Asker: 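If you scroll down you'll find the structure; I have some questions about it.
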Amino acid sequence: MLVKSNEPRPPSAPPESCIYHLSEILLGRFVATIRASWQAYDFVILRKKKKKKKKKKKKKKKTHNGFQICNLFRRIKIHTKMHPQVERVQDIASISKDEIPEEFIRSENEQQGITTVQGKTLECPTIDFSIHDDVKILNQIIEASPVEMETTSLPFYGNCERGRLNYLAKRNEPLYIYNTSRKGSVTIISDTQKSKALQIDCSLPFFFCFFLEFQKMGVESVKRERESNEGTIPAEFIRSENEQPGIATVHGKVLEVPTIDFSDPDEEKLIVQITEASSNWGMYQIVNHDIPSEVISKLQAVGKEFFELPQEEKEAYAKPPDSGSIEGYGTKLFKEISEGGITKKGWVDNLFNKIWPPSVINYQFWPKNPPSYREANKEYAKHMHKVVEKLFRLLSLGLGLEGQELRKAAGGDNLEYLLKINYYPPCPRPDLALGVVAHTDMSTVTILVPNDVQGLQACKDGRWYDVKYIPNALVIHIGDQMEIMSNGKYKSVLHRTTVNKDKTRISWPVFLEPPADHVVGPHPRFVNPVNPPKYKTKKYGDYVYCKINKHPQ
Ligand SMILES: O=C(O)CCC(=O)C(=O)O
Ligand SMILES: [Fe+2]
């Protein structure tokens, strides 16, 4: 119950001991010295009410200034060059002196103006960060933090919503510990520009203090997340229960999707196998496909090497904002969904490169390091080309079409091969996270090679099964465009990926995609009065836009 300061306090009001209790539990020994008095408590409440009125006035002003705000955003975009993936607060600050965009306005119980105890400064410990003894520094940090020990080796508590606790203490790198966990917020940031000074802010829960949000630096990377975060994962990676692999997987059963010997000289038999697998499973594995194992190994080696480069080097290939293309490092294909205020993420980093036809290649996104990256990818594309031709031919013949028809319907020689590298670092809680969430591919067909770490799952009759790893096999996924072209005869497969506690999984899917302005729809041969079209006919680019943005098709 809240009490106005000018009214006599009722006997049942929380006594002084209650505040004491709060401090003890929430603030710990470090902040115990600033135990707030009951009067201070009242003061905070009063300020809060006053502010409410002010805010109403402000809101009016904002509508009035709507045009300026729009302009502000436009200008911010132009200014965001250094880290193309990140909107930098620095830019916003330099443009606007007295307005801030709405997404920076905190809820009332977080606003500094309301929740700061005025006129009192906290005497926090000073830690000498220049000493070359990380353990000592860490101990001092722990000592200084208002703590309850959690399961992690670092202390934290509190009551804010998101979860992470990181310790990055490599020399010559900014050290920052940030924790905006489900339970609390201890934020420790060192500012490299101001060299040795280590600023410590203990952000306390509820409305006693202000929060400092964690710092985002460069392109978000799951790999970096994992390196700095042992034994726990941030809340945005924790899937809802019905998705969690620990709960939703059929354990002890590996799904034996059909394995097809591509070198079988009996073409009739091959056609039947491909047609059945594409209609009943939407996923199968091709062996003896004629792509030399050295070509695949080379592709895998250079991709792995790239992902093991320092973050800054990888970020040189980041997708520029508003480029309208998916190509580059660190980009996500699908909009991340927001659940309970938390934007959910997959435990995976990506690199996208178009590798075929030569006319669509954007070398600006092809890593220069390792030096053989380009050659390895080109070689793979060249061999892949033959597999694609044969596969499309068999798929066409299986539906009673001429051998070239499906390929032609998908863009013919302009059919694009988009290579994606999925890099799934080890995950401390593989039971809670997913790599790529459940989806069907938008492509016509996807041809994938994984490394030897288990992770691909397919959905069969509503249940999730691991797909057996076969060395050197090509995993074929029937994608949405193939389902559309065949008017539903071939089925695009629902699949997802899990992650591993100890091992890094990497996969190399190649999405065979029509050009963006190519129109795709059910093939006229499969449409008649008895079988009306089950799908819309539309440009592939429009299909992609709707799917990525989760709009109806
Ligand atoms: O990593 C895998 O095995 C599958 C990845 C996938 O489905 C995708 O990137 O679309
Ligand atoms: Fe996929």
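Remember, it's 1-based here, ligands and their atoms both numbered in the order they're listed. Quick note: numbers below take in every heavy atom, side chains included, and nothing from hydrogens, waters or symmetry partners. The chain is numbered in sequence order, starting from 1. As the structure is a computational prediction, the values presented were derived from the model and not from experiment.
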Asker: At under 4.0 Å between heavy atoms, is it the side chain or the backbone of L448 that contacts ligand 1, or both, or neither?
Answerer: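 Side chain only.
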
Asker: Would you call the rings of W366 and Y373 parallel, tilted or perpendicular if under 30° counts as parallel and over 60° as perpendicular?
Answerer: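 Perpendicular.
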
Asker: Find all atoms of ligand 1 within a distance of less than 4.0 Å from any non-hydrogen atom belonging to L456, and give their numbers and elements.
Answerer: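 Those of ligand 1 that fall under 4.0 Å from L456 are 3 (O), 4 (C).
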
Asker: Examine the proximity of ligand 1 to K420 and report which part, side chain or backbone, both or neither, has a heavy atom under 4.0 Å away.
Answerer: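 Within the 4.0 Å criterion, K420 contacts ligand 1 through side-chain atoms alone.
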
Asker: Where do Q454 and D466 land on the side-chain hydrogen bond (donor to acceptor under 3.5 Å, both in side chains) test, with the steps shown first?
Answerer: CA-CA 8 Å; Q454 187 68 53; D466 290 327; 4.5 Å; no

Asker: Does the separation of the ring centres of Y329 and Y317 fall below 6.0 angstrom?
Answerer: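 Not close enough - the centres of the two rings lie 6.0 Å or further apart.
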
Asker: Should D480 and K547 count as an ion pair when the cut-off is N to O under 4.0 Å?
Answerer: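 Counted as a salt bridge, because a side-chain N and a carboxylate O are separated by less than 4.0 Å.
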
Asker: Does ligand 1 come near enough to T497 that some N or O of the ligand is less than 3.5 Å from an N or O of the residue?
Answerer: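 No, T497 has no N/O under 3.5 Å of an N/O on ligand 1.
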
Asker: Is R505 near ligand 1, meaning one of its heavy atoms is under 4.0 Å from it?
Answerer: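 In this structure, R505 qualifies as a contact of ligand 1 - some heavy atom is under 4.0 Å.
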
Asker: Thinking salt bridges, do K491 and E483 make one under a 4.0 Å N-O criterion?
Answerer: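 No salt bridge links K491 with E483.
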
Asker: Tell me the contacting part of F511 for ligand 1: side chain, backbone, both, or neither, using a 4.0 Å heavy-atom threshold, strictly below.
Answerer: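 F511 to ligand 1: side-chain contact only, backbone stays beyond 4.0 Å.
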
Asker: Can you list the atoms of ligand 1 that are under 4.0 Å from a heavy atom of N422?
Answerer: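 Result: 1 (O), 5 (C), 8 (C), 9 (O).
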
Asker: Could you check whether E379 pairs with K382 (Lys NZ or Arg NE/NH1/NH2 to Asp/Glu carboxylate O, under 4.0 Å)?
Answerer: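 Counted as a salt bridge, because a side-chain N and a carboxylate O are separated by less than 4.0 Å.
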
Asker: Is it true that D431 and K501 have a side-chain N and a carboxylate O under 4.0 angstrom from each other?
Answerer: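 Here D431 does not pair with K501 in a salt bridge, since their nearest N and O are not under 4.0 Å apart.
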
Asker: Got a sec, which residues hit side chain to side chain contact (heavy atoms under 4.5 Å, CB included) with K534, two or more places apart in sequence or on another chain?
Answerer: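 For K534 the side chain to side chain contact (heavy atoms under 4.5 Å, CB included) partners, ignoring immediate neighbours, are N487.
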
Asker: Which atoms of ligand 1 are found less than 4.0 Å from any heavy atom of Y424?
Answerer: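 Within the 4.0 Å cut-off of Y424, ligand 1 contributes 1 (O), 2 (C), 5 (C).
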
Asker: With backbone taken as N, CA, C and O and side chain as the heavy atoms from C-beta onward, which portion of H477 lies under 4.0 Å from ligand 1: side chain, backbone, both, or neither?
Answerer: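 It is neither part, as no heavy atom is under 4.0 Å.
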
Asker: Out of the candidates D441, T440, T446, only one should pair with S443 under the side chain to side chain donor-acceptor pair (under 3.5 Å) rule; please name it.
Answerer: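 Per the side chain to side chain donor-acceptor pair (under 3.5 Å) rule, the option paired with S443 is T446, out of D441, T440, T446.
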
Asker: H439: heavy atom below 4.0 Å from ligand 1, yes or no?
Answerer: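 So H439 counts as touching ligand 1.
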
Asker: Measuring from the Fe ion (ligand 2), count protein N/O/S atoms under 2.8 Å, please.
Answerer: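 My tally for this metal is 3.
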
Asker: Is E389 salt-bridged to R393, cutoff N-O under 4.0 Å?
Answerer: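 Looking at R393 together with E389, the answer is no, because their closest N to O distance does not fall below 4.0 Å.
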
Asker: Distance under 4.0 Å to a non-hydrogen atom of D441: what atoms of ligand 1 satisfy this?
Answerer: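 Atoms satisfying the 4.0 Å criterion: 10 (O).
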
Asker: Taking 4.0 angstrom as the limit, do D264 and K269 come out as a salt bridge?
Answerer: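 Result for this pair is yes, salt bridge flagged.
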
